[in-house]
Amino acid sequence: MPPLSNGDWPELQPGWVWLCGAGPGDAGLLTLHGLNALQQADVIVYDALVGDGILQWAPQAEHIYAGKRGGKASSKQRDISLTLVELALEGRKVVRLKGGDPFVFGRGGEEAQTLVQHGIPIRIVPGISAGIGGLAYAGIPVTHRDVNQCVTFLTGHDKAGDAPTSLDWEAIAKGSQVIVVYMGMKHIDRIADQLIAGGRPKDDPVAFVTSATTGNQTVLESTLQNAAADAAASGLEPPSIVCIGRAVELRKVLDWQSMIVGIQPRDLDPLGRGRPAESA
Ligand code: SAH
C-alpha cells in the first residue's frame, strides 16, 4: 500500500488520538482516512472485531490488543480509555482502531469523552458499520423505496448485558419497517417476543448475518417467530448482525456474493465462444 501522506492528507501529530473505524471485516472496507491514520501511527490499540489483514498496513506501529469478547482476556473499558490517555501523554501518535464505525454501538463516544476530558486532541475517522455494510454483503439493502422509509438500529444488550428494557418496543414494532439489531444473538428470543407483542407479524423475515464481509460470512434466514430456535439450532457464533423486516426478501435477487461464486464462465457464454484456448 503506497503511503497517502503527500501533504493533502491530515497529519497525525504526536500526542493526538485518532479514533478510527476499521469497517466490518473485509480489509478493503477501511476508508482512505483510516489507511492514512494507520500509516502514520506509532501505536495502535485495536479491538477483537478489527478485520484480519488491516493491521498489516501498519508494520511500523506497536499493536496493542484491547478486545473484550467473551472467553478472551478482557480489558475494562475504563482501562482502555486511560491507556489511550497515557499513550497520548507520552507523546505518541495513537490510533484507536475499532470495528465498524467507532460511534455506532462501539463505546467510541465514551472513549472520545475521556480523551477530551483529559485535554487530549482527537480526530474521528468514521467507518462502514456492520449494520449497513455487513447487510450489503448479504444482499440486503438497508433501505429500499418499496420496503421502508426508515430504519431502526438497536442494540440487543444494555449496559448490564440484558435485553434493553428502556426501549418502546411497540413503537419500534409498528413504526420501523426495517430493524437492525447489533449484539442481538444472545437475546433474540426476548427481542422477537417483544416485537411480536408490539404488533409485528410472526412471519416477518429475519436474517442473521454472521462474520459479515469476512471469508467466514454466513447468512441464516428465518422468521421472527422461529428466529431464536433457528439461531440456536444453527450453532452460529457471534458476531452477528440481525435484520428484521421485508428488506431480507430482497436477498433472493440481490445475494451478489453467491452470484460471484455461482456464475461460471460457461453460464456467461452459452454458445461456447470465447472459451479458453484448449477448445480451439
Ligand atoms: N462499531 C461496530 C459495532 C460494534 S458492536 C459497527 O459499527 O459495526 C458489536 C456488534 O456489531 C456485534 O455484536 C455484531 O452485532 C456487530 N458486528 C460487528 N462486526 C460484525 C461482522 N463482521 N459481522 C456481523 N456482525 C458484526
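For reference, positions follow the sequence shown, starting with 1. For ligands, and for the atoms within them, numbers begin at 1 and follow the listed sequence.
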Please confirm whether the backbone N or O of Y137 pairs with a side-chain atom of Q257, one donor and one acceptor, at under 3.5 Å? yes
Applying side chain to side chain contact (heavy atoms under 4.5 Å, CB included) between S129 and each of F105, F153, Y182, F103, report the one that passes. Y182
Under the 3.5 angstrom rule, does the side chain of Q60 hit a backbone N or O of D42 as a donor-acceptor pair? no
With respect to atom 14 (C) of ligand 1, which of G156, P24, S240 exhibits the smallest heavy-atom separation? S240
What about T214: any of its N or O atoms under 3.5 Å from an N or O on ligand 1? no
So, Q40 side chain and P10 main chain: donor-acceptor pair closer than 3.5 Å or not? yes
Which atoms of ligand 1 sit under 4.0 Å from any heavy atom of Y182? 3 (C), 6 (C), 8 (O), 11 (O), 15 (O), 16 (C)
Can you list the atoms of ligand 1 that are under 4.0 Å from a heavy atom of L49? 9 (C), 18 (C)
Quick check: does any side chain N or O of H157 sit under 3.5 Å from a backbone N or O of K186, one acting as donor and the other as acceptor? no
Counting heavy atoms only, which of M185, H157, M183 is nearest atom 10 (C) of ligand 1? M183
Quick check on contacts: which atoms of ligand 1 are under 4.0 angstrom from a heavy atom of I241? 24 (C), 25 (N)
With a cut-off of 4.0 Å, which atoms of ligand 1 are near a heavy atom of D101? 1 (N), 6 (C), 7 (O)
Can a donor-acceptor pair be found, under 3.5 Å and without considering hydrogens, that links the side chain of H118 to the backbone of E86? no
Main chain of A173, side chain of R200: is a donor-acceptor contact present, judged purely on distance under 3.5 Å? yes
Is a side-chain N or O of H144 found less than 3.5 angstrom from the main chain of D146, in a donor-acceptor match? yes
Contacting atoms of ligand 1, where contact means under 4.0 angstrom from a heavy atom of S211: 22 (N), 23 (N), 24 (C)
Relative to atom 2 (C) of ligand 1, which among G25, G134, G99 owns the nearest non-hydrogen atom? G99
Would one find an N or O of G106, backbone or side chain, under 3.5 Å from an N or O of ligand 1? no
Hey, are S211 and N216 close enough side-chain-wise for a donor-acceptor pair under 3.5 Å? no
Please say whether V181 places an N or O atom under 3.5 Å from an N or O atom belonging to ligand 1. no
Does V104 reach ligand 1 with a nitrogen or oxygen that is under 3.5 Å from one of the ligand's nitrogen or oxygen atoms? yes
Where ligand 1 meets V209 - atom numbers and elements under 4.0 angstrom, heavy-atom basis: 24 (C)
Examine T213 against ligand 1 and note whether any of their N/O atoms are separated by less than 3.5 Å. no
